[in-house]
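Keep in mind that the numbers below use all heavy atoms, side chains included, and drop hydrogens, waters and symmetry copies. Just so you know, ligand 1 is whichever comes first in the structure, and atom 1 is the first atom listed for that ligand. Sequence positions, counted from 1, serve as the residue numbers for this chain.
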Amino acid sequence: MAENDGEGSWVSRVVRPSENEKYLEDGRDFVDVELIERELAENSRPDPARIRDIVAKSLSLARLDPSETAALLQCGDDDLWQEMYEAGLKVKQSVYGRRIVFFAPLYVSNYCINNCEYCGFRTSNREIVRSSLTDEQLREEILALIRKGHKRLVMAYGEHPRSGADFIAHTIRLAYSVKENGGEIRRVNVNAAPLCVEDYRKLKEVGIGTYQVFQETYHPATYRKLHPADTVKGDMRWRLYALHRAQEAGIDDVAIGALFGLYDYRFEVMALLLHTMSLEKYFGGVGPHTISFPRLEPALNTPYTENPAHRVSDEQFKKLVTVLRLSVPYTGLILTAREPAKVRREVIPVGVTQLDAGSNIGIGGYSSGAVRGEKQQFMLSDPRTLDEVVSELVDMGMITSFCTADYRCGRTGGCFMGFSKSGKIQGFCMPNAVLTFAEYLLDYASPETREKGWVLLEKELEAIPEDGPREIVADYLERIKAGERDLYL
Ligand code: SAM
Ligand code: SF4
């Protein structure tokens with residue numbers, strides 16, 4: 001099949017504009033540019049008392065509204081920002097506890113029919129070496145990740161007829177089937193192009209965890225400029241409602257994100273909130289499971305990344321993560337190894353819940369051990385190993401969790417939201433974090449990380465209320481020491 005024939009029929013098979021219609025309001029989508037600009041203008045000099053009231057609302061774990069989020073974004077007082085950073089941590093601790101969940105990105109295919117100006121995988125980039133993992137290569141990649149201690153993946157794919165829903169479903173099934181010495185992948189999340197409802201159902205059937213689609217930019221004019229109209233991705237509305245359709249198909253953990261650097265960061269944060277509210281509105285209060293906020297990184301032969309129109313400084317980055325934390329207290333926040341270690345140290349404490357480490361985003365990069373620039377989408381800035389980052393988190397008093405129990409016990413979607421919105425998820429999550437951390441320390445950690453990690457783990461065990469599950473966790477820990485694995489509440 002000539003690639004162009006494939007693309008033509010691919011677009012008409014996949015893109016079904018009628019599936020978006022029920023989510024439009026008077027024919028308009030949820031990105032209300034005027035509203036965002038008006039709120040940012042009207043809140044341009046927020047009163048300190050108002051900021052404190054908004055922070056108090058956030059500490060009660062209520063989601064903020066657009067006017068409140070705009071006020072936080074526009075705050076110009078350093079002392080108030082300090083209070084917001086501290087509040088971000090408190091919100092995170094009361095919803096998620098002192099734990100950080102770890103995942104590994106796994107790039108499966110870099111064939112792509114789109115031409116996003118900022119991405120190394122864009123179709124016009126002739127310097128990228130294209131490849132798609134064979135079953136055998138995928139198995140090798142997964143084994144390499146299992147051997148490091150990983151239990152959760154985010155599998156990533158370019159958009160291409162050869163990596164459609166059937167291929168994605170096949171690779172998810174394969175990822176779950178690989179096992180070695182008690183090690184296995186227990187949750188497969190996916191970052192891929194928007195699909196139609198029928199295709200999402202195929203992924204639901206094979207046990208997908210979260211489906212992630214980043215909008216890149218919510219600003220329509222900028223979106224049009226960076227995503228040519230004659231590509232699938234050029235259809236902004238198809239992307240905007242990708243996760244509504246995923247929810248409709250029964251994938252109840254969905255994840256949103258924006259690529260920071262393409263347009264004004266304040267606008268994007270406001271739009272992420274509107275996206276959240278739209279999902280809540282149509283799906284019984286269930287907003288995004290996580291929000292991602294990647295910053296643009298350099299990519300091979302990709303001049304746009306060298307001088308992005310709206311580069312976000314480190315200080316602005318910390319602020320925007322804080323505002324997301326305070327605006328949507330129940331959602332997970334993902335900070336990737338795109339960011340250098342120094343920035344991660346600064347930003348984790350304002351309320352991040354998920355990290356990756358020791359990541360390789362070259363196709364086949366984990367099993368070959370090499371970072372291969374010509375096969376990478378962009379460059380990572382934190383090259384530290386998983387063990388090094390886990391060790392640093394121990395020093396910061398945080399438990400590394402590889403827990404996947406919520407997903408496997410059906411605590412997803414509305415059920416997860418119910419727990420996390422009311423701050424009760426700690427009753428399950430801290431105990432399960434302790435149990436998966438114990439597995440990691442025993443099976444994969446360096447001696448130094450194991451020793452200090454175990455001291456922290458015992459402290460966390462003591463912090464579980466006596467009238468809570470402390471006794472059962474202590475019992476499970478003994479069983480894990482004796483060789484059992486995958487025990488959870
Ligand atoms: N092809 C799928 C899509 O477009 O949805 C998956 C894309 S990729 C695996 C995941 C994300 O990487 C993109 O959605 C984009 O936000 C981000 N990305 C692309 N180019 C980037 C760059 N130069 N620096 C940082 N992140 C980038
Ligand atoms: Fe393709 Fe996704 Fe890269 Fe765009 S961001 S060129 S769709 S891989």
Between the side chains of [Y] and [X], is the shortest nitrogen-to-carboxylate-oxygen separation below 4.0 Å, so that they form an ion pair?
X      : Y      : answer
Glu346 : Lys318 : yes
Arg139 : Glu136 : yes
Arg38  : Asp32  : no
Asp314 : Arg295 : yes

Exercise for the section: May I ask you to check whether Tyr107 has an N/O atom sitting below 3.5 Å from an N/O atom of ligand 1? Expected result: no
Exercise for the section: Before signing off on this row, confirm whether Thr305 and ligand 1 have an N or O atom pair separated by under 3.5 Å. Expected result: no
List every atom of ligand 2 that sits less than 4.0 Å from any heavy atom of [X], numbering the atoms from 1 in the order shown and giving each element.
X      : answer
Cys112 : 1 (Fe), 6 (S), 7 (S), 8 (S)
Lys233 : 2 (Fe), 4 (Fe), 5 (S), 7 (S)
Cys116 : 4 (Fe), 5 (S), 6 (S), 7 (S)

Exercise for the section: Using a cut-off of strictly less than 2.8 Å, determine whether Cys119 has an N/O/S atom near atom 1 (Fe) of ligand 2. Expected result: no
Handout entry: For atom 6 (C) of ligand 1, the protein heavy atom that lies nearest, with its residue and separation
Key =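 For this ligand atom, the closest protein heavy atom is Asn191 OD1, 3.2 Å.
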Practice task
Could you check atom 7 (S) of ligand 2 against the protein and tell me its nearest heavy-atom contact, residue, atom and distance included?
Solution key: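 Atom 7 (S) of ligand 2 sits closest to the protein heavy atom Asn114 ND2, 3.3 Å.
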Handout entry: Heavy-atom proximity to atom 1 (N) of ligand 1, best of Tyr157, Tyr111, Tyr304
Key = Tyr157
Exercise for the section: Out of Gln215, Glu297, Glu117, Lys233, indicate the one that has the non-hydrogen atom closest to atom 4 (O) of ligand 1. Expected result: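 Heavy atom nearest to atom 4 (O) of ligand 1 belongs to Lys233.
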Contact with ligand 1 for [X], non-hydrogen, under 4.0 angstrom:
X      : answer
Leu296 : yes
Arg239 : yes
Phe121 : no

Practice task
Specify whether Tyr282 and Tyr23 have parallel, tilted or perpendicular ring planes, treating 30° as the upper limit for parallel and 60° as the lower limit for perpendicular.
Solution key: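 Tyr282 and Tyr23: perpendicular rings.
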